[in-house]
There are 2 protein chains.
Amino acid sequence: MAEATTDKRQGHTRGRTGNDRRTQIIKVATELFREKGYYATSLDDIADRIGFTKPAIYYYFKSKEDVLFAIVNSIVDEALERFHAIAAGPGSPGERIHALLVEHTRTILRNLDANTVFYNERGLLSPEREREMRKREREYTEIMQRLYAEGVATGELLDVDPTVATATLLGAAIWTYRWYDPEGRLSADEVVEQITRLLLNGYRRPA
Amino acid sequence: MAEATTDKRQGHTRGRTGNDRRTQIIKVATELFREKGYYATSLDDIADRIGFTKPAIYYYFKSKEDVLFAIVNSIVDEALERFHAIAAGPGSPGERIHALLVEHTRTILRNLDANTVFYNERGLLSPEREREMRKREREYTEIMQRLYAEGVATGELLDVDPTVATATLLGAAIWTYRWYDPEGRLSADEVVEQITRLLLNGYRRPA
DNA sequence: CCTACCGATCGGTAGG
DNA sequence: CCTACCGATCGGTAGG
């Protein structure tokens, strides 16, 4: 897939706009950061796989960290949007939490590379950026916590602490990035259905 | 806590056996690997915090990776032992899975530093060691999968794929290392109780 | 367990 | 977007 681009020996790549290039750098960096981690991936690695040299990257990004930030930032953006939309949507609190878990898990499984980088490497951003990321993440976990608390109040949801509940439910969904194998036996849709059913009903089969 | 040891300026530390030193290096490395990550922690950082110099570490470990391996290995050892003991113990499959989740979560919360290093940094070991780790981890997830399948067969447990079920339940428990704050509002015991109750019953309150 | 040091890697820049 | 290069960091070793 990385080889789809023009080989170095053919000379300069033609027909790519600057935006394409930027996107391409992000895509390749995402693959490599996922495979080897942020520190173990050099800018030479990224440039090599694309077919140019390291300084070219500096034409599109100010620093290596900026590349990581671009990846991490887009993940948070999408998640935030998703949470807002669903939380404001129709349905009881429990139904909206279900929808949230379905969509969140589905998105992770559909975009495993970037989500893996997000969950594994976001801690390596500069302190200021990490603070900003945490803040935006807290934004959407709070959306879910309010929703959960509402459901507890109406008696629809199990009475546990909303912080614990939402961290646990989201954690179970997020953890897929560590074990799900797209080449494996189970389709993403099956996995999403089973996880969300398990979380909704519990592993003890109702009598 | 790292300052409990003798300061450099007081000269050589007295009254520590080699085993103490080794343990001390592991302890300090665990703290630093957790705070800053494996790559961002230099051997000088570790030595500094203890109060000696880098080459001293090589008296106790062959390489930096060996320090990480010592941490990661002990976590897997304990988990494996725990899973074996509980799986072979008394109770229905569902009861044993409950016990497993309780104990696993409790252990993580009681030893957050080392478990954080385990889950965040184990991927940075050499390919051979990573393979070995994966193999031993698979060993205990398979124990849980067999238990789950048994419970599905007897009708005690919700009928979802045992791989999905165990990954999800364990993931929910493990995820605590990312959000639990020992200085926070909730005690570890409360969190363990609420998480395991949530997973057992599901977030939808039974009518 | 220390001082002194080497070799390699790598992010980033100059200058074009 | 390239060639050439700098400066800093760091794991690891020599020799004691």
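Heavy atoms only: backbone and side chains are in, while hydrogens, waters and symmetry mates are out. In what follows, every chain begins at residue 1, and chains take the letters A, B, ... in the order their sequences are listed.
At whole-Å resolution of the value, CG in A:Leu68 and P in C:dC10 are 17 Å apart. For the pair B:Phe61 CZ and D:dG11 P, the interatomic distance rounds to 15 Å; values are reported in whole Å. Atom CG of B:Asp45 is separated from atom C1' of D:dC10 by 10 Å (rounded to the nearest Å). Distance A:Tyr38 OH to C:dC10 P: 13 Å, rounded to the nearest Å. Here D:dC2 presents its P atom at 11 Å from CG of A:Asp48, a figure rounded to the nearest Å. As a whole-Å value, the separation of A:Ile46 CD1 from D:dC1 P is 14 Å.
Phosphate proximity of D:dT9 to B:Tyr39: absent, as no side-chain N or O sits under 4.0 Å from OP1 or OP2. Within the 4.0 Å cut-off from OP1 or OP2 of D:dC2, at least one side-chain nitrogen or oxygen of A:Thr53 is found.
Of the candidates C:dC1, D:dC1, D:dG11, the closest approach to any side-chain atom of A:Tyr59 belongs to D:dC1. Looking at the side chain of A:Ser42, the nearest of the listed nucleotides D:dC1, C:dC10, C:dT3 is C:dC10.
Applying the salt bridge (charged side-chain N to carboxylate O under 4.0 Å, His left out) test to residues at least two apart or on different chains, the pairs with a partner in residues 113-127 of chain A are A:Arg34-A:Asp113, A:Arg122-A:Glu137. For residues 162-184 of chain A, the set of pairs meeting the salt bridge (charged side-chain N to carboxylate O under 4.0 Å, His left out) definition, not counting sequence neighbours, is empty. The list of salt bridge (charged side-chain N to carboxylate O under 4.0 Å, His left out) pairs with a residue in residues 90-109 of chain B, not counting sequence neighbours, reads B:Arg96-B:Glu150, B:Glu103-B:Arg106, B:Arg106-B:Asp189.
The closest side-chain heavy-atom distance from A:Ile26 to A:Phe61 is below 4.5 Å.
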Table of protein N/O atoms under 3.5 Å from nucleotides 12-16 of chain C N/O atoms:
| from | atom 1 | to | atom 2 | distance (Å) |
| --- | --- | --- | --- | --- |
| C:dG12 | OP2 | A:Tyr58 | OH | 2.7 |
| C:dG12 | OP2 | A:Lys64 | N | 2.8 |
| C:dG12 | O5' | A:Tyr58 | OH | 3.1 |
| C:dG12 | N7 | A:Lys54 | NZ | 3.2 |
| C:dG12 | O6 | A:Lys54 | NZ | 2.8 |

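For B:Tyr148, the ring pair (Phe, Tyr, Trp, His ring centres under 6.0 Å) test picks out no residue, with sequence neighbours left out. Judged as a salt bridge (charged side-chain N to carboxylate O under 4.0 Å, His left out), and not counting sequence neighbours, the contacts of A:Arg134 are A:Glu130. For B:Tyr203, there are no ring pair (Phe, Tyr, Trp, His ring centres under 6.0 Å) partners, not counting sequence neighbours.
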Please list, one pair per line, the donor and acceptor atoms closer than 3.5 Å that link side chains of residues 75-85 of chain A to other protein atoms, with sequence neighbours excluded.
| from | atom 1 | to | atom 2 | distance (Å) |
| --- | --- | --- | --- | --- |
| A:Asp77 | OD1 | A:Arg136 | NH2 | 2.1 |
| A:Arg82 | NH1 | A:Thr107 | OG1 | 3.2 |
| A:Arg82 | NH2 | A:His104 | ND1 | 2.9 |

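Annotation: cation-pi geometry satisfied between A:Arg129 and A:Phe69 (NZ/CZ under 6.0 angstrom from ring centroid, within 45° of ring axis).
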Quiz item: Given pairs defined as Watson-Crick or G-U wobble with both distances under 3.5 Å, what dot-bracket annotation applies to DNA chain D, with ( ) intrastrand, [ ] crossing, | other strand and . unpaired?
Solution: ||||||||||||||||
